[in-house]
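Residue numbers start from 1 in every chain, and the chains themselves are labelled A, B, ... in the order their sequence lines are given, proteins ahead of strands.
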2 protein chains.
Amino acid sequence: MESSSAKAGGSTRREATRQKLYEAAVTLIAEQGFSATTVDEIAERAGVAKGTVYYNFASKSVLFEELLRHGVGLLTASLKEAAEQAAREGRGKVDALDAMIRAGLVFIDRYPAFTQLYVAELWRTNRAWQSTLMVVRQEAVAVVEGVLREGVAVGEFSDEIDVQLTAAALVGMVLVAALDWKSFQPERSLDDVHAALSRLLQGRVSGRV
Amino acid sequence: MESSSAKAGGSTRREATRQKLYEAAVTLIAEQGFSATTVDEIAERAGVAKGTVYYNFASKSVLFEELLRHGVGLLTASLKEAAEQAAREGRGKVDALDAMIRAGLVFIDRYPAFTQLYVAELWRTNRAWQSTLMVVRQEAVAVVEGVLREGVAVGEFSDEIDVQLTAAALVGMVLVAALDWKSFQPERSLDDVHAALSRLLQGRVSGRV
DNA sequence: ATTTTTGCACTGACCAGTCAGTGCAATTGC
DNA sequence: GCAATTGCACTGACTGGTCAGTGCAAAAAT
């Protein structure tokens, strides 16, 4: 019986436990914040003994840091994928940005708790995982900056734009709009929200029709 | 009776102490979060005894709630003021939005810690001050929604825009861009940042010059 | 046979909130 | 004048509870 995944990373069982702990931790911390969430709660929600948490992670904050890395990894991969696909299909940079907005929305749709928690921790200072967070943020924003820069190089975007700030603003736009969507009008469809943001991106807000 | 200081509001000393406590609490909570910040720390930073905190506020979370109300009050007033001034001067709704973006930036420039803390707590659920936060958020976003709606009525904005979502996206854009500015490129001027966001608002990102 | 998980008792640091008491200025009584 | 009194703002040691992390023997899974 070659256990399914075999030699690859580590035993499958352990990986499954870690996954359960991530899922339990992410919702609890999104709701209550890191400090207000107890390890006992996380263990209970994951359906696991407290000792298991410490068998798998060195400490509560290490668990959290690995959770952050894991989550942002997924997002970054998804953004890159969207940008590359648009490029492969020979579409313009505006389309690439649009595709990334959609990818961002899809991600937030699937992992709303993670997004919540990420936003809540991002601009804090003086916390243990601060530097982890910076690195991980930079990876994600860099993908957007890359597309903007290419757009400027190709002449599709004005060379007067401030790449760094514009990238941050775009990310913020999607993040906040999406959190609002999930929190206050969750019945709306992803397409709907995407259309509204596309319109904003392309400056079709002012101007009739 | 007219006790010493007198007539206006309440005793001056008390008001001064509360102000000191607000200031101490806002920076500490912005840095560390609500739960990770202790009442002892707040008292120490404010230069008062712990008992004084409880003499002035019923509990740690009441202190925090009043802080939130106080801060968002300032922001809302400032946004309204900007929108009204643009209207008084007979400028268009795009200009009004632009003026509000600037007002938002000025606010964040002046109270970065408050902004940080606000963003961090906004999308949490299951917290004591949740409802306070909702009310207070709605007040601020409503100002932006109002201008958008007026713009649609006047025909200056497309009637296809989704007012609620667009307002949220705009707020997010300013919020996140400004926090990025303060965190990662604090040497830049407000005008600079404002110009970059104006450009984005008016869809002058794509399109040459 | 080894790795992983369980269950549970325990420790020690930390922290929100309390309370008896202090300092001080203004008011009252004489 | 000058005690005695009152009320306000503040103090800081203390209490009762909470929680991260530990230790370990027994059970389960692979």
Starting at [atom1] of [X] and ending at [atom2] of [N], how long is that distance when rounded to a whole Å?
X: Gln19(A); N: dT4(C); atom1: CD; atom2: C1'; value: 18 Å
X: Glu44(A); N: dC8(C); atom1: CD; atom2: C1'; value: 15 Å
X: Leu21(A); N: dT4(C); atom1: CG; atom2: C1'; value: 13 Å
X: Glu15(A); N: dT5(C); atom1: CD; atom2: C1'; value: 16 Å
X: Arg18(B); N: dA9(D); atom1: CZ; atom2: P; value: 11 Å

Inset, instruction - Answer yes or no: is there a side-chain heavy-atom contact under 4.5 Å between Leu200(B) and Ile161(A)? - result: no

Legend entry - Exceeds 12 heavy-atom contacts within 6.0 angstrom, atom CD of Glu81(B): yes

Legend entry - Atom NZ of Lys80(A) with >12 non-hydrogen neighbours under 6.0 angstrom: no

Legend entry - Phosphate OP1/OP2 of dA9(D) contacted by Asn56(B) side-chain N/O (<4.0 Å):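 No, because none of the side-chain N or O atoms of Asn56(B) sits under 4.0 Å from OP1 or OP2 of dA9(D).
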
Inset, instruction - Assign a letter to each nucleotide of nucleotides 11-29 of chain D from its 5' end: B, base within under 4.0 Å of a protein heavy atom; S, sugar-phosphate only; -, no contact. - result: BB------SBBB------S

Legend entry - Residues Gln19(A) and Glu15(A): side-chain donor-acceptor under 3.5 angstrom: no

Inset, instruction - Would you list the pairs meeting salt bridge (Lys or Arg N to Asp or Glu O under 4.0 Å) in which at least one residue belongs to residues 63-79 of chain A, sequence neighbours left out? - result: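 Found Arg18(A)-Glu66(A), Glu65(A)-Arg69(A).
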
Legend entry - Closest heavy-atom pair and its distance - Val176(A), Ala168(B):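 Scanning both residues completely, I find the closest heavy atoms to be CG1-O, 3.4 Å.
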
